[in-house]
Amino acid sequence: MRVVTWNVNSLRARLERVQEWLAANQPDICLLQETKCSDDAFPTGAFAELGYATAHHGNGRWNGVAIASRIGLDDVRPGFLHEDPSTIEECRIIAATCAGTRVMSVYVPNGRSLESEQYVAKLAWLERLRTELDECCNRNDSLVVAGDFNIAPEDRDVWDIAEFIGATHVSQKERDALKNILAWGLTDAVREANPEGPGPFSWWDYRGGAFHRGWGMRIDHVLLSRRLAEVLEAAHVDREARKGQGTERQPSDHAPVVVDLKISSTS
DNA sequence: ATGGTAGCGCTGCTA
């Protein structure tokens, strides 16, 4: 079974690239973030043509998360189980069950700066995600929590830690919040399958030729429950998808993160 | 020289 997470930075702007990538890479489940479209505008037909059922949670302006699955899509829940009315329109999490595996597509708030209220909100959102696991998930089940966490777990997950003094994405509180989620009983699939750093990075700034300079970060993660971590076969980042292709539309600033599990996609 | 690029959408916000 192949599971992918990809922050596409606008699904409508990226649809052709996403379609081509799905056809070439054949994931069974693809979790998307930053679709930036409303539920009404979601291109359901484009995914159906490729054999994917989809579920989307978006408000049309910012954020937006989706799940595409070709092995079944049941028990869809947009938002948290007990959604705070103040955050219900943020559209940062959607969950569904695909052939017995519960999957969550998450887009963790950016945090902006260490002094901002958005940073406080980011930490609170991560705490809420941990609560969601406690309330809704069983440690013995097959569970995938994947998406853009906007956190580099270790210093080797950024190109130069000296550039990040006083910055978000690497602060101890953010890293501790991610550790608290992992401590529920989840494994970081990319790090598990790739014990050596740096990276592999999954995001590079559009600005300043960051991609070609290697100035990236590992902030998109696929977290697996024990049952799935036991059958982890491989995990990689598809850097090719981050490259520009001449006159075509720009790539997303994130690359797809691909995880392969040694189980039949229908089991 | 606190810069730079992309998306949304039309003004400035978000990342």
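Just so we're on the same page: letters track the sequence lines, and every chain starts at 1. Reckoned from all heavy atoms, side chains included, excluding hydrogens, waters and symmetry mates.
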Pairs satisfying ring pair (Phe, Tyr, Trp, His ring centres under 6.0 Å), at least one member in residues 138-159 of chain A, at least two apart
Phe149(A)-His221(A), Trp159(A)-Phe164(A), Trp159(A)-Trp215(A)
Residues from residues 109-118 of chain A lying under 4.0 Å of DNA chain B - heavy atoms:
Asn110(A), Arg112(A)
Listed by chain and number, what are the side-chain hydrogen bond (donor to acceptor under 3.5 Å, both in side chains) partners of Asn140(A), not counting sequence neighbours?
Arg226(A)
Is any NZ, NE, NH1 or NH2 atom of the basic residue among Asp157(A) and Arg175(A) found under 4.0 Å from an Asp or Glu carboxylate oxygen of the other?
no
Which residue pairs pass the ring pair (Phe, Tyr, Trp, His ring centres under 6.0 Å) test with at least one member in residues 80-99 of chain A, sequence neighbours excluded?
Phe80(A)-Trp125(A)
Which residues share a ring-ring contact (aromatic ring centres under 6.0 Å, His included) with Tyr119(A), sequence neighbours left out:
none
Could you tell me how far dA1(B) sits from dG7(B) if I compare only their C1' atoms? Round to whole Å.
27 Å
Residues passing the ring-ring contact (aromatic ring centres under 6.0 Å, His included) test with Phe201(A), sequence neighbours excluded, are none
Quick one: do Glu240(A) and Lys243(A) make a salt bridge, cutoff under 4.0 Å?
yes
If you find the nucleotide of DNA chain B closest to Asn150(A) and the one closest to Lys36(A), which residue's nucleotide is nearer the 5' end?
Lys36(A)
Please enumerate all residues that pass side-chain hydrogen bond (donor to acceptor under 3.5 Å, both in side chains) together with Arg2(A), with sequence neighbours excluded.
Asp260(A)
Tell me, which of residues 200-220 of chain A have any heavy atom that sits under 4.0 Å from an atom in DNA chain B?
Tyr206(A), Arg207(A)
Separation between the C1' atoms of dG4(B) and dT14(B), rounded to whole Å
15 Å
According to ring-ring contact (aromatic ring centres under 6.0 Å, His included), who are the partners of Tyr107(A), at least two apart in sequence or on a separate chain?
none
What is the nucleic acid contact for Arg92(A), judged by heavy atoms within less than 4.0 Å: base, sugar-phosphate only, or nothing?
sugar-phosphate
Closest-nucleotide mapping onto DNA chain B: is His254(A) or Arg14(A) further toward the 5' terminus? I mean the 5' end.
Arg14(A)
What is the 5' to 3' range of DNA chain B, first to last nucleotide, that sits under 4.0 Å from any heavy atom of chain A?
dG4(B) to dA15(B)
What distance, rounded to whole Å, do you find between the two C1' atoms, one in dG9(B) and one in dG3(B)?
24 Å
In chain order, what residues pass the side-chain hydrogen bond (donor to acceptor under 3.5 Å, both in side chains) check against Glu49(A), with sequence neighbours excluded?
none
Contacts of Glu90(A) meeting side-chain hydrogen bond (donor to acceptor under 3.5 Å, both in side chains) (sequence neighbours excluded), chain-then-number -> Arg92(A)
